[in-house]
Amino acid sequence: MDTKIGALDVCKPASNEVGSLPNGTAMAIQNSVPSTVINSSEATLGRHLARRLVQIGVTDVFTVPGDFNLTLLDHLIAEPGLTNIGCCNELNAGYAADGYARSRGVGACVVTFTVGGLSVLNAIAGAYSENLPLICIVGGPNSNDYGTSRILHHTIGLPDFSQELRCFQTVTCYQAVVNNLEDAHESIDTAISTALKESKPVYISISCNLAGIPHPTFSREPVPFSLSPRLSNQWGLEAAVEAAAEFLNKAVKPVMVGGPKLRVAHAGEAFVELADTSGYALAVMPSAKGLVPEHHPHFIGTYWGAVSTAFCAEIVESADAYLFAGPIFNDYSSVGYSLLLKKEKAIIVQPDRVTIANGPSFGCVLMKDFLRALAKKLNHNNTAHENYRRIFVPDGHPLKCAPREPLRVNVLFQHVQKMLSSETAVIAETGDSWFNCQKLRLPAGCGYEFQMQYGSIGWSVGATLGYAQAVPEKRVLAFIGDGSFQVTAQDVSTMIRNGQRTIIFLINNGGYTIEVEIHDGPYNVIKNWNYTGLVDAIHNGEGKCWTTKVRYEEELIEAIETATGDKKDSLCFIEVIVHKDDTSKELLEWGSRVSAANSRPPNPQ
């Protein structure tokens with residue numbers, strides 16, 4: 001029997017809390033409110049889709065025009081509550097919808113047939129891996145061309161229009177091809193409601209000649225979705241709670257660790273309530289940072305095996321019982337399958353299943369229900385937190401830079417920590433920013449997002465665009481490496497165009513540092529750009545944008561003062577030039593362990 005948790009396979013995430021918005025409130029029909037009759041000129045497929053998007057909370061849609069979606073875009077932008085955010089490419093439009101969904105609970109993008117669809121596909125796959133409801137809308141071929149032997153442009157030259165659909169089938173939970181008006185209403189509503197229920201992306205293809213045609217099924221305002229929340233099996237819930245309480249109440253120093261599926265389970269509040277009543281030490285997995293309040297009195301940091309925050313791993317791995325809520329144990333989160341955890345000490349709570357050690361597993365038990373019921377059964381036990389307080393030594397401060405001494409990354413993040421508040425949010429790009437941003441202590445209300453499961457470099461540019469558009473009241477701080485920025489830099493243009501106030505810290509260390517620490521080679525060195533010059537060219541005097549390069553601590557201090565002072569209403573781009581070998585110790589450790597996992601020889605045949 002395998003007793004190492006870090007080596008467990010992770011099953012497909014279960015759907016949870018059907019139809020709930022991010023705050024867990026189910027959308028319900030107001031029976032007393034009659035639906036409004038719509039003028040026939042507005043009773044079109046395109047306007048119905050637009051009204052549905054606004055109704056579920058999407059007020060901005062990220063688009064790239066193409067000849068198959070132009071009429072659809074006309075009808076989408078005609079909806080007063082929907083703003084068109086034109087992006088520079090489809091990949092960034094998808095990433096932006098991803099970032100938007102992280103804040104609003106759902107996002108949407110619109111692209112054209114095949115050339116646009118296959119371009120956005122990578123972003124949709126990332127949203128699928130992160131359990132984000134995202135509506136991917138594609139302008140499709142003319143309805144008259146289906147079933148013919150015609151060859152269309154934007155295809156691979158075969159009279160088969162299903163290539164795009166087949167590609168989307170593996171990265172979306174529902175696909176709707178709308179090529180007739182009779183069932184368009186049903187197809188669109190089914191797709192959107194499925195995205196909300198499953199918390200996964202869906203694909204909707206709409207024939208280019210149908211978007212502007214009125215139809216009787218669109219003659220009234222769409223009735224709001226009534227998506228009933230899923231319910232726990234009460235017998236299973238009671239049995240799971242009894243077994244878990246017995247297991248945990250026997251433990252001397254139990255701990256609890258939050259995982260990334262707390263988001264899809266809408267169980268963050270229930271998790272904190274359990275920590276409040278139990279007294280257990282409270283940690284998060286790296287991919288759950290931002291989902292649990294770090295100002296909680298029992299919070300002990302990020303549990304990430306050998307690269308955990310200080311003293312956290314010692315407390316978690318020495319515990320005689322640990323409750324993991326919504327974990328994903330992959331090769332990255334387990335630091336190359338090297339976690340020192342034992343299955344027989346663990347309770348694993350997934351969105352709709354509870355497994356206790358090597359023993360029983362209880363299905364049809366929702367995480368939120370389980371955690372709240374368990375809180376009423378546990379004895380108070382703060383032993384692990386008291387142990388943490390005994391061994392904890394406050395972080396030392398990095399050595400102060402001498403005048404004109406080249407800036408170090410640890411000094412940069414010391415100053416970044418002082419910038420954080422309830423009015424900010426952090427976006428961390430794949431790379432060393434993962435590790436440096438993990439060490440930031442988030443104040444109450446400070447947002448935090450990164451893409452750990454999929455780990456697509458360049459994700460943060462589009463995600464920053466989308467997140468900032470969703471919550472304009474917050475100032476987003478994005479930390480992006482030079483290599484990642486080169487993948488998706490264009491949509492800084494869209495940020496400026498839409499008046500966003502993001503502060504981008506471009507960390508220029510001359511290459512793909514995270515790849516260097518896993519496996520070095522000449523391919524990890526990139527061409528250096530004049531990054532501030534590039535952003536100045538993109539700005540081109542239109543909109544509010546300010547750029548600067550910093551090489552020394554005194555320049556960094558001045559840049560932050562300007563960005564948060566005189567330029568607080570501008571997009572600020574701060575290029576931070578650091579040594580190519582200036583990496584966090586956590587990346588060095590993590591990289592060597594992931595490298596070892598990647599380079600395991602084949603098993604003997």
Side-chain angles (χ1 to χ4, degrees), residues 6-7 283-287 289 300-317 329-341 393-401 405-417 426 428-441 450-453 455-457 459-460 479-485 505-526 553 576-600:
V284 294
M285 299 182 73
S287 47
K289 188 176 177 68
I300 64 171
T302 299
Y303 175 65
W304 199 354
V307 295
S308 300
T309 54
F311 307 103
C312 182
E314 290 84 350
I315 296 301
V316 172
E317 294 178 346
F329 295 109
N330 62 24
D331 51 340
Y332 275 15
S333 66
S334 67
V335 197
Y337 311 112
S338 65
L339 301 184
L340 300 179
L341 299 174
V393 177
D395 288 338
H397 296 293
L399 295 175
K400 185 173 177 59
C401 289
E405 178 187 347
L407 183 62
R408 299 190 304 274
V409 172
N410 57 10
V411 173
L412 163 65
F413 279 92
Q414 181 184 21
H415 289 283
V416 168
Q417 179 68 65
V426 173
E429 176 59 81
T430 301
D432 202 19
S433 291
W434 274 6
F435 303 91
N436 289 306
C437 290
Q438 280 292 330
K439 290 181 280 189
L440 294 172
R441 195 64 177 252
F450 78 129
Q451 189 197 55
M452 186 171 187
Q453 174 58 39
S456 183
I457 65 167
W459 162 86
S460 65
F479 299 90
I480 308 174
D482 50 345
S484 296
F485 187 73
F505 288 89
L506 188 286
I507 301 171
N508 183 353
N509 54 13
Y512 295 120
T513 302
I514 191 169
E515 312 288 6
V516 168
E517 303 309 331
I518 295 174
H519 184 103
D520 200 5
Y523 32 74
N524 289 324
V525 179
I526 61 175
E553 184 178 15
V576 182
I577 299 172
V578 297
H579 192 278
K580 68 181 181 65
D581 294 325
D582 186 358
T583 63
S584 65
K585 69 181 183 65
E586 291 82 8
L587 175 56
L588 296 176
E589 175 73 24
W590 179 89
S592 64
R593 290 174 182 259
V594 170
S595 175
N598 286 350
S599 58
R600 288 168 294 164

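- Without hydrogens or angle criteria, Lys580 side chain to Gly510 main chain gives no donor-acceptor distance under 3.5 Å.
- When side chains are defined from C-beta on, Leu341 counts as touching Glu317, because their heavy atoms get closer than 4.5 Å.
- Between Ser433 and Ile480, the closest heavy-atom pair is OG-N, 4.3 Å.
- Thr302 places none of its side-chain heavy atoms less than 4.5 Å from the side chain of Ser308.
- Proximity of the aromatic rings of Phe435 and Trp304 is defined here by a centroid distance below 6.0 angstrom, and this criterion is met.
- No donor-acceptor distance shorter than 3.5 angstrom exists from the side chain of Glu429 to the backbone of Gly481, with no hydrogens or angles considered.
- When side chains are defined from C-beta on, Ser333 counts as touching Met452, because their heavy atoms get closer than 4.5 Å.
- Between atom OG1 of residue Thr309 and atom CZ of residue Arg441 there is a gap of 8.0 Å, rounded to the nearest 0.5 Å.
- A donor-acceptor pair under 3.5 Å is absent between the side-chain atoms of Asn509 and the main chain of His579, judged by distance alone.
- A salt bridge between Lys439 and Glu586 is present, with a side-chain N of the basic residue lying under 4.0 Å from a carboxylate O of the acidic one.
- A donor-acceptor pair under 3.5 Å links the side-chain atoms of Lys289 to the main chain of Leu440, judged by distance alone.
- Ile507 is not listed as a side-chain neighbour of Asp432, based on a closest heavy-atom distance of 4.5 Å or more.
- Of all heavy-atom pairs between Cys401 and Val411, the closest is SG-CG2, 3.8 Å.
- With a 4.5 Å cut-off on side-chain heavy atoms, Phe450 and Ser460 do not count as touching.
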### Task
May I have the step-by-step check of side-chain contact (heavy atoms from CB on, under 4.5 Å) for Leu506 and Asp482, ending in yes or no?
CA-CA 6 Å; Leu506 188 286; Asp482 50 345; 4.2 Å; yes
### Query
Does the pair Cys312 and Ile300 meet the rule for a side-chain contact (heavy atoms from CB on, under 4.5 Å), with working shown?
CA-CA 6 Å; Cys312 182; Ile300 64 171; 4.0 Å; yes
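- In this structure the side chain of Val335 reaches within 4.5 angstrom of the side chain of Ser338, judged on heavy atoms.
- The side-chain heavy atoms of Ile577 and Leu407, taken from C-beta on, include no pair separated by under 4.5 Å.
- Ala313 and Gly305 get closest at one heavy-atom pair: CB-O, 3.5 Å.
- Contacts of Phe311 classified as ring pair (Phe, Tyr, Trp, His ring centres under 6.0 Å), with partners at least two apart in sequence or in another chain: Phe392.
- Put simply, the side chain of Tyr303 does not reach to within 4.5 Å of the side chain of Val284, judged on heavy atoms.
- Across every non-hydrogen atom of Ile457 and Ser484, the tightest pair is CB-OG, 3.5 Å.
- Shortest non-hydrogen contact noted between Phe413 and Cys437 is CE2-SG, 3.8 Å.
- Note: Phe329 and Tyr337 fail the aromatic proximity criterion, with ring centroids not under 6.0 Å apart.
- Of the charged side-chain nitrogens involved, at least one lies within less than 4.0 Å of a carboxylate oxygen, so that Arg593 and Glu589 count as a salt-bridged pair.
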### Query
Does the pair Glu553 and Arg408 meet the rule for a side-chain contact (heavy atoms from CB on, under 4.5 Å), with working shown?
CA-CA 8 Å; Glu553 184 178 15; Arg408 299 190 304 274; over 6 Å; no
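- The distance from the OG atom of Ser595 to the CG atom of Asn598 is 6.5 Å, given to the nearest 0.5 Å.
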### Task
Start with the C-alpha distance between Phe505 and Leu412, add both sets of side-chain angles, then the distance that settles side-chain contact (heavy atoms from CB on, under 4.5 Å), and finish with yes or no.
CA-CA 10 Å; Phe505 288 89; Leu412 163 65; 4.1 Å; yes
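- The two residues Gln451 and Ser456 come nearest to each other via the heavy atoms OE1-N, 2.9 Å.
- In this structure, Trp434 and Tyr332 have perpendicular ring planes: the angle between them is above 60°, well past the 30° mark.
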